2 protein chains.
Amino acid sequence: MTIHEKVDAPMQCGSCPIRHRAVCARCEADELAALDAIKFYRSFQAGQTVIWAGDQMDFVASVVTGVATLNQVMEDGRTQTVGLLFPSDFVGRPGRSGSPYNVVAETDLLMCCFRKKPFEELMARTPHIAQRLLEMTLDELDAAREWMLLLGRKTAREKIASLLAIIARRDAALHLNTPSGRMVIELPLTREAMAAYLGLTLETVSRQMSALKREGLIELSGKRTVIIPDYEALMIEAGEDADGGLPA
Amino acid sequence: MTIHEKVDAPMQCGSCPIRHRAVCARCEADELAALDAIKFYRSFQAGQTVIWAGDQMDFVASVVTGVATLNQVMEDGRTQTVGLLFPSDFVGRPGRSGSPYNVVAETDLLMCCFRKKPFEELMARTPHIAQRLLEMTLDELDAAREWMLLLGRKTAREKIASLLAIIARRDAALHLNTPSGRMVIELPLTREAMAAYLGLTLETVSRQMSALKREGLIELSGKRTVIIPDYEALMIEAGEDADGGLPA
DNA sequence: CCCGGACATTGACCCAAGTCAAGAAACCAT
DNA sequence: ATGGTTTCTTGACTTGGGTCAATGTCCGGG
């Protein structure tokens, strides 16, 4: 079984082949087998936190199902989410340790893990994998920098609209089409998690959601289901160029 | 001449060997020669802006002397600096285009450039280079994420202290020691550029600098020279763990 | 030495978002 | 259904940092 084939989990890599397949798309059969040989699966419950300090975590992983957040935490407890991890996204770094992060499972989570040692050995033998990992990391860097613009310069309203845009784009990408017109999206995050990602408080998030609803830019069905009547109109609120920069 | 040897410029790679040498440290002599064959130098005047959109820029580069900032810009002109480029730092991405950035020379600047095509070919032939580039990119990603915490959660005062800390650490690294005690640093940035990096306005930067000065945490000699009487005391203001996270 | 322009500081005022606190909705497990 | 918990909304109030505007300081060139 290759890394991008189905496992018993409901939504394995087949549903979001871009990243997973990318790790191995250009690999030969024997390289695929090598990847399969060193992988294993781990699941986490919603709400569970994993402290992903470079040294203590001796594996890298990629999300198979569910959504997690990657968080930076200050000693006094202030927390900033620095990345969303959707299915096919990669966590951890090969090589020596980097900064420590908290990974919080926002929903039940299944991850596909590779022990660092054998993964690195495989990387050394298989240039495709290293190259693909570089590409993915560069994309993440672009995304992080775009998010810095949001954190440093956008208003609360623009931040909310941008977050909805990201989720809408992800959703659209899963169905292999471009986001536009009327869309229905499912928020995988609580108001608190949204606030953590946007550099706001949960009260401000709630207020701005209400404001967008009042003005007809979104509709809410329950707390977590958001209907976007007009994707393009919402984009204008986000203050982004029409094409929408984030590739990740 | 290898990439990390002196050129006629005052402070070529020898002064900050970590990154430059790293690109080629594990390369064989012929690979070094190949790198040398495709490199060329370009200089920019202080204040000059280069639009580094993936497609139009057909080279990658690394800073030899001077300091530049990497900026994200919104259509309405709001600007966020997303990275400082010190000597030995790398700009541009091999592979297909990424997001467009503005690179602004904050001082006179000398860059060492490599045309993309031959650089990529070299990368494909030389796994060391690809691996080293991956490491560097992962470090940058860590730095970007640490900065997201600053942008999203720190107060103006903490932001200023953190920026001074970064510059102090860079300075110390150049002399191969750890930052501590009394330090004298030279700001390579105007108040405006500091504000752009910190997600503040220049007035707020100025006010907070004055406040830190009033409280004896820093002294100013002229506008650009900052004396830090007690590095550790300033670190506390920055709200960072003592060891100071940013490796980049 | 003095002038002009760029850069920096300071003050007065304002507003977006944070804080604190009370309810309301949704979501369980019995 | 029912009660208890968690999550979300809304209101009243405060505040950090933005905005606008006036000065001040530095530095290079004539």
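Keep in mind it's a predicted model, so treat the numbers as computed, not measured. Computed over heavy atoms, backbone and side chain alike; hydrogens, waters and symmetry mates excluded.
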| said: Can you classify the ring geometry of B:Trp147 versus B:Tyr197 as parallel (below 30°), tilted (30 to 60°) or perpendicular (above 60°)? | reply: parallel
| message | Would the base of D:dT10 count as contacting A:Arg214 through its side chain, where contact means a donor and an acceptor less than 3.5 Å apart? | response | no
| task | Identify whether the distance between the nearest side-chain nitrogen and carboxylate oxygen of B:Asp76 and A:Arg153 falls below 4.0 Å. | result | no
| query | Considering heavy-atom distances to DNA chain D, does A:Thr204 or A:Arg153 have its closest nucleotide positioned more toward the 5' end? | reply | A:Thr204
| Quick one: do A:Glu215 and A:Arg157 make a salt bridge, cutoff under 4.0 Å? | yes
| message | Once you apply a heavy-atom cut-off of 4.0 Å, does A:Gly199 come out as touching a base, just sugar-phosphate, or nothing? | response | sugar-phosphate
| task | Please find the earliest and latest nucleotides of DNA chain C, in the 5' to 3' direction, that have an atom within less than 4.0 Å of any heavy atom of chain B. | result | C:dC7 to C:dA12
| said: Check this for me, if you would: do A:Asp139 and B:Arg93 make a salt bridge, where the nitrogen-to-carboxylate-oxygen distance has to be below 4.0 angstrom? | reply: yes
| query | Which part of the nucleic acid, if any, lies within reach of A:Ser206 when heavy atoms closer than 4.0 Å are counted: base, sugar-phosphate only, or nothing? | reply | base
| said: Applying the side chain to side chain contact (heavy atoms under 4.5 Å, CB included) criterion to B:Leu85, which one of B:Thr69, B:Leu109, B:Val103 satisfies it? | reply: B:Val103
| request: Let me know, please, whether A:Glu203 or B:Met209 comes out on the 5' side of the other along DNA chain C by nearest nucleotide. | output: B:Met209
| message | Side-chain N or O of A:Arg191 versus OP1/OP2 of D:dT9: is the shortest distance under 4.0 Å? | response | yes
| said: From CG of A:Leu200 over to C1' of D:dC8, roughly how many Å is that when rounded to an integer? | reply: 16 Å
| said: Determine whether a donor-acceptor pair (one donor, one acceptor, N or O, separation below 3.5 Å) exists between the side chain of B:Arg157 and the base of D:dG16. | reply: no
| task | Starting from the 5' end of DNA chain C, give me the residue, A:Ala156 or A:Gly222, whose nearest nucleotide shows up first. | result | A:Ala156
| field | Salt-bridge contact B:Lys154-B:Glu240 (side-chain N to carboxylate O under 4.0 Å) | value | yes
| request: Between D:dT10, D:dG18, D:dG17, spot the one nearest the side chain of B:Thr155, thanks. | output: D:dG17
